[in-house]
Amino acid sequence: MSALPPFRATLGRSVALFSAFRKEQTDPDLFYGTLARDTVAQLLRYTPLDGAVVVDVGGGPGYFADELRSQGARCVCVDADAGEMRLRGGELPDTALLGSALEMPLRTGSVDVCFSSNVLEHVPDPRRMAGEMVRVTRPGGIVYLSYTLWFSPWGGHETSPWHFLGGRYAAERFARRHGRRPKNDFGTTMFAVSAAEMLDWLRGRDDVDAVDVLPRYLPSWMKPVVSVPGVREVVTWNLLLVLRKRG
């Protein structure tokens, strides 16, 4: 089991992540490997992983699953897109399951940790996906749910910043300029999810406790911004909900 440095949400860490993000398209191994190590170090603040059963929801080619396994977790990757899962070397990741995040092929209460990074904005019913994550988690287990906010600078993904003028407009503009539809096509493979919507979903649940709610990529001193309606939709960038399922 490899050792990860202690997690610290510093300004330097934020700068390093955003620097790596600039190479997402040209060097995905660098970006996703960096993000996976950072994320798993963060997850270890909330729960031990050695021996834990973890499901990576929408994990694609398995960058996060690999890092989770390096910390002793028994990890299953569930994704609805077989093409995404084959992006590294053309092979499916170990213990991959083809299935929808809206109806996961897992038993109720069957995992210790249900993990998802930047998938929620790609499903048409984010509340249902979040509910599925809670369902498959055992009582006392952890849900780690992180997603990009629509009104953040990167809310439109590769169509940003034109998404501020409307998701469909941004997608059509991208198609005209590049001669192809964007991978993250508004209304089909990308949807507008706000912080307010998922915080409202959380308040309506009686089966989970919020362990932490914070801006995933920002320094720890930026955490209070999540409490400011409106401002949080832009500044938070990526919202992280860490939940513990009640017994």
Side-chain angles (χ1 to χ4, degrees), residues 14 17-36 38-39 56-65 77-90 92-93 96 98-103 115-130 132 145-198 215-218 232-240:
S14 298
L17 285 176
F18 284 115
S19 295
F21 171 72
R22 294 175 61 188
K23 299 180 180 179
E24 179 188 13
Q25 300 297 319
T26 59
D27 193 350
D29 286 349
L30 171 66
F31 170 65
Y32 287 107
T34 299
L35 182 59
D38 178 86
T39 302
D56 178 9
V57 183
Y63 289 102
F64 292 103
C77 181
V78 174
D79 201 297
D81 189 335
E84 285 288 316
M85 289 194 285
R86 289 191 172 97
L87 285 178
R88 284 198 296 170
L92 290 175
L98 189 64
S100 171
L102 302 180
E103 193 172 353
F115 170 93
S116 182
S117 172
N118 296 325
V119 177
L120 195 73
E121 68 266 32
H122 300 293
V123 300
D125 191 343
R127 290 173 179 249
R128 182 175 174 182
M129 174 179 156
E132 273 290 277
L145 174 58
S146 166
Y147 66 101
T148 303
L149 299 181
W150 175 248
F151 288 110
S152 73
W154 190 243
H157 291 47
E158 70 267 44
T159 68
S160 301
W162 301 101
H163 69 292
F164 287 118
L165 299 179
R168 297 193 187 282
Y169 168 80
E172 293 299 332
R173 181 184 182 278
F174 182 96
R176 288 194 303 270
R177 290 179 63 86
H178 298 277
R180 58 180 174 84
R181 302 297 298 181
K183 176 182 177 181
N184 300 287
D185 199 342
F186 184 81
T188 305
T189 56
M190 183 176 64
F191 303 87
V193 191
S194 66
E197 177 177 1
M198 296 313 297
R216 177 181 177 187
Y217 302 138
L218 301 184
R232 67 188 172 205
E233 302 292 347
V234 179
V235 176
T236 299
W237 195 293
N238 189 284
L239 184 66
L240 170 61

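Counting from 1, the numbers follow the sequence of the chain as shown.
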(message) Could you measure the distance from the OG atom of S116 to the CZ atom of F64? Nearest 0.5 Å is fine.
(response) 9.0 Å

Review item, side-chain donor-acceptor pairs of residues 168-176, under 3.5 Å, at least two apart:
residue : atom : partner : partner atom : Å
E172    : OE1  : R181    : NH1          : 3.3
E172    : OE2  : R181    : NH1          : 3.0
E172    : OE2  : R181    : NH2          : 3.4

(request) Working to the nearest 0.5 Å, report the span between CE of M198 and CD of E121. (result) 11.5 Å

(request) Check P126 against E197 and note the closest heavy-atom contact, atom names and distance. (result) CG-OE2, 3.6 Å

(request) Using the six-membered ring wherever Trp is involved, compare the ring planes of F186 and W150 and label them parallel, tilted or perpendicular (cut-offs 30° and 60°). (result) tilted

(message) With heavy-atom distances below 4.5 Å as the criterion, would you say the side chains of Y147 and L239 are in contact?
(response) yes

(request) Answer yes or no: is there a side-chain heavy-atom contact under 4.5 Å between S146 and N238? (result) yes

(request) Determine yes or no for a side-chain-to-main-chain donor-acceptor pair under 3.5 angstrom, with T189 supplying the side chain and K183 the backbone. (result) yes

(message) Within the structure provided, determine whether R216 and L35 are in side-chain contact (heavy-atom separation under 4.5 Å).
(response) yes

(message) Please give me the minimum heavy-atom distance between L102 and D125, naming the atom from each residue.
(response) CD2-O, 3.4 Å

(request) Sequence neighbours left out, what passes side-chain hydrogen bond (donor to acceptor under 3.5 Å, both in side chains) with T236? Give chain and number order. (result) none

(message) When you measure from the side chain of S14 to the backbone of Y217, do you find a donor-acceptor pair of N or O atoms at a distance under 3.5 Å?
(response) yes

(message) Could you measure the distance from the CG atom of L17 to the OG1 atom of T39? Nearest 0.5 Å is fine.
(response) 7.5 Å

(request) Return the minimal non-hydrogen interatomic distance between L145 and A130, and the atom names on each side. (result) CD2-CB, 3.9 Å

(request) Could you tell me the separation between the NE2 atom of H157 and the CG atom of D185, rounded to the nearest 0.5 Å? (result) 12.5 Å

(message) Tell me the closest heavy-atom pair linking H163 and P153, and the distance in Å.
(response) CE1-O, 3.7 Å

(request) Please report the closest heavy-atom contact between A101 and E132, naming both atoms and the distance. (result) O-CB, 3.6 Å

(message) To the closest 0.5 Å, what do you measure between CG (N184) and OG (S160)?
(response) 9.0 Å

(request) Taking all non-hydrogen atoms of both residues into account, name the closest pair between S194 and L149 and its distance. (result) C-CD2, 3.9 Å

(message) Please report the interatomic distance OG1(T159) to CH2(W154), rounded to the nearest 0.5 Å.
(response) 8.0 Å

(message) Applying ring-ring contact (aromatic ring centres under 6.0 Å, His included), can you list everything that pairs with W237, at least two apart in sequence or on another chain?
(response) F18

